[in-house]
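Order of the sequence lines sets the chain letters (A, B, ...), proteins ahead of strands, with each chain counted from 1. Predicted model only: the values in this text are computed from it and were never measured.
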Amino acid sequence: MTPILKTEQLSYVYGAGTPFERRAVDRVDLEVAPGEFLGIIGHTGSGKSTLIQHLNGLLRPTEGRVLFEGRDLWRDPKQIRRTRFRVGLVFQYPEYQLFEETVARDIAFGPRNMGLSEEDAARRVEAAMQLVGLAPEAADKSPFDLSGGQKRRVAIAGVIAMEPDVLILDEPTAGLDPRGREDILGHIRAYHAEHGSAVILVSHSMEEIARSVQRIVVLNRARVAMDGTPHEVFSRVTELEQTGLSVPAVTQVMRRLRALGLDIDPAAYTVRQAAAELAPLIRRARPC
Amino acid sequence: MLKDITLGQFFPGHSLLHRLDPRVKLVLTAAYIVALFMAHGVFTYGVMVLWLAAAVRLSRLRVRVLVKGIRPLVLIITLTALLNIFYTDGVVLFSFWILRVTLEGLVIAGRMVLRIVMLIMGTFLLTYTTSPIRLTDALECLLGPLKKLRAPIHELATMMTIALRFIPTLLEETDKIMNAQRARGADFDSGHVVRRARALVPLLVPLFVSAFRRAEDLAMAMECRCYHGGEGRTRMYPLRMTPLDGCVLTAMLAVSVGVGVASRFGY
């Protein structure tokens, strides 16, 4: 399948020519297939946020190219705004971008910029609110009266309402309590299942990524360090630890058990997988 | 990008100019400005150019960085030059349509442009090599005598420190919000004036909200650490004059007095 998004030898240098010069992204090749659920993971400062801002044309690569549906984003800068409607980007702490008087109007900002009619925009707002689990009554409230978690949902709905073909979320659960995290992730998974759009989830938490994505790209010091299925990535524990990342707690338990002599897959990364691995052993050990 | 605005930015370093006492730098910048405005002939201007060149050399900053600071003011500089060229009476060199170019006009324009450029570069050199905190410390110290007249110098200095401290933060925030709204299709760069002004609402509202939030947080944090104004407050890094500071101060003050005197005699 042809990738919907692709970067070729993408590099980005901050503050070129000043004493603060820093290469934030270094020759990154990345491919995203349509409908794929991709996780990008990396330590703070590994270049995650900079990388994703290239994918919808907010940053212009210092070197290399970004291709959307095989077309170079920067060949025709006038088209970039239209690409942004198709590659939706939710920033870190997106609740700080809310500005409208009501929740519904704020969510409608994107759709209205697309030039949709009022009815179409309203329909999309309704759908987006439902997707992120906002009650219809919230539509007429001021976004500034909502709780932090609710604001976050409004902000995410504002991007989802554009119904992008690629949805990119930068640390969507940062600063939320465990329940809020699970909630948001659940809504994102539901969006992926329902729309068939590609979703790119950026995070530094392995736990979070492990349960959602089909493929993981690990960034380390501005470069791609690993690229593979969660199973592949989590088998390379020592390398991960060297880059300052840890494997999910379940994987750690499985590794310890294997070290103790059990014949199990040490790279199981969800509770369900671990249970499937361990159940037969337990059944065998139990006297009938 | 907004980050490219270098006005008032500080470039950390360990050059001689960086290490100089901020009070000395502040006084010398003032002396430099006065001398620059008194300079008249080739000799005095030459001295000023040398002064600036020496300071730039000692700061170890790249000249490109300094030149970049002038860029936003190119329009004003050009306008000043043109007005001086066309509106000065004297020996007409050539003329076309209603415009006359005079020799005197060219000389005055050249002088003005040189003066403005050197003024900007000199003052930028101060902020480039002095951290805002040290700068306000110096200001507070130099204005200290006014405290006897009950002028709220410490409060002013604190306000300035905070304002300076938050300029880069707010710029960064502006950049972030702008990008977030751009990702939702906001268009800040095209359309007529009214449209552009309206396009700023999605930027300004979140920016104000976050500025107020930050102000509240900061006030709370300061109170938690028992901030109660300047009385009895000591410094972590007290300003100390070294012999070198004294030498530089005396030498350069002498130079600026020299420039002033020389310019009176028409040099």
Side-chain angles (χ1 to χ4, degrees), chain A residues 14-21 49-50 52-53 55-60 77-78 80-101 105-116 142-144 151 155 157-162 164 167-170, chain B residues 1-6 9-15 18 59-69 71 128-129 168-170 172-191 195 198-214 217:
Chain A
Y14 275 113
T18 69
F20 304 112
E21 185 172 309
S49 298
T50 312
I52 56 169
Q53 286 184 54
L55 302 182
N56 71 343
L58 282 173
L59 289 178
R60 186 170 195 155
K78 287 197 187 96
I80 283 181
R81 186 159 169 260
R82 270 206 244 156
T83 310
R84 285 185 191 145
F85 297 129
R86 304 195 50 202
V87 183
L89 174 56
V90 180
F91 273 82
Q92 227 175 98
Y93 296 102
E95 56 272 30
Y96 295 142
Q97 76 194 26
L98 302 176
F99 69 98
E100 272 288 8
E101 283 164 50
R105 286 177 60 94
D106 206 291
I107 298 175
F109 182 65
R112 270 214 298 268
N113 281 331
M114 293 169 80
L116 293 180
S142 161
F144 296 103
K151 278 187 199 165
V159 174
I160 283 182
M162 303 192 299
L167 176 66
I168 309 172
L169 301 115
D170 191 357
Chain B
M1 280 270 273
L2 282 164
K3 271 182 203 144
D4 291 339
I5 298 177
T6 48
Q9 203 182 13
F10 168 55
F11 294 94
H14 297 284
S15 73
H18 281 90
S59 73
R60 299 242 186 101
L61 287 172
R62 291 191 211 176
V63 180
R64 240 180 54 208
V65 177
L66 276 169
V67 173
K68 221 167 132 191
R71 216 179 282 158
Y128 283 169
T129 60
T169 312
L170 286 178
E172 210 171 283
E173 186 110 359
T174 312
D175 222 32
K176 235 161 84 188
I177 297 170
M178 246 172 143
N179 274 340
Q181 308 298 26
R182 275 206 186 105
R184 294 205 281 164
D187 187 358
F188 296 106
D189 320 300
S190 64
R195 241 191 93 151
R198 281 180 60 114
L200 284 180
V201 173
L203 171 65
L204 291 178
V205 173
L207 196 61
F208 270 100
V209 171
S210 93
F212 279 113
R213 201 189 62 241
R214 275 180 202 288
D217 287 354

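A:Asp106 has no carboxylate O lying under 4.0 Å from a charged side-chain N of A:Lys151, or vice versa, which leaves the two without a salt bridge. Ion pairing between a basic and an acidic side chain is recognised when a charged N comes within 4.0 Å of a carboxylate O; A:Arg105 and A:Glu100 show such pairing.
Among B:Leu61, B:Asp187, B:Ile177, B:Leu203, the residue making the largest number of heavy-atom pairs under 4.5 Å with chain A is B:Asp187.
Proximity to chain B is absent for every atom of A:Tyr93, based on heavy atoms less than 4.5 angstrom apart. Residue contact with chain A, scored on non-hydrogen atoms closer than 4.5 Å, involves the backbone and the side chain of B:Arg182 alike. Interface residue A:Phe91: only side-chain heavy atoms are found under 4.5 Å from chain B.
Under a 3.5 Å cut-off, the side chain of B:Gln181 and the backbone N or O of B:Pro202 do form a donor-acceptor pair. A:Asn113 contributes a side-chain N or O that, together with a main-chain N or O of B:Arg184, makes up a donor-acceptor pair within less than 3.5 Å.
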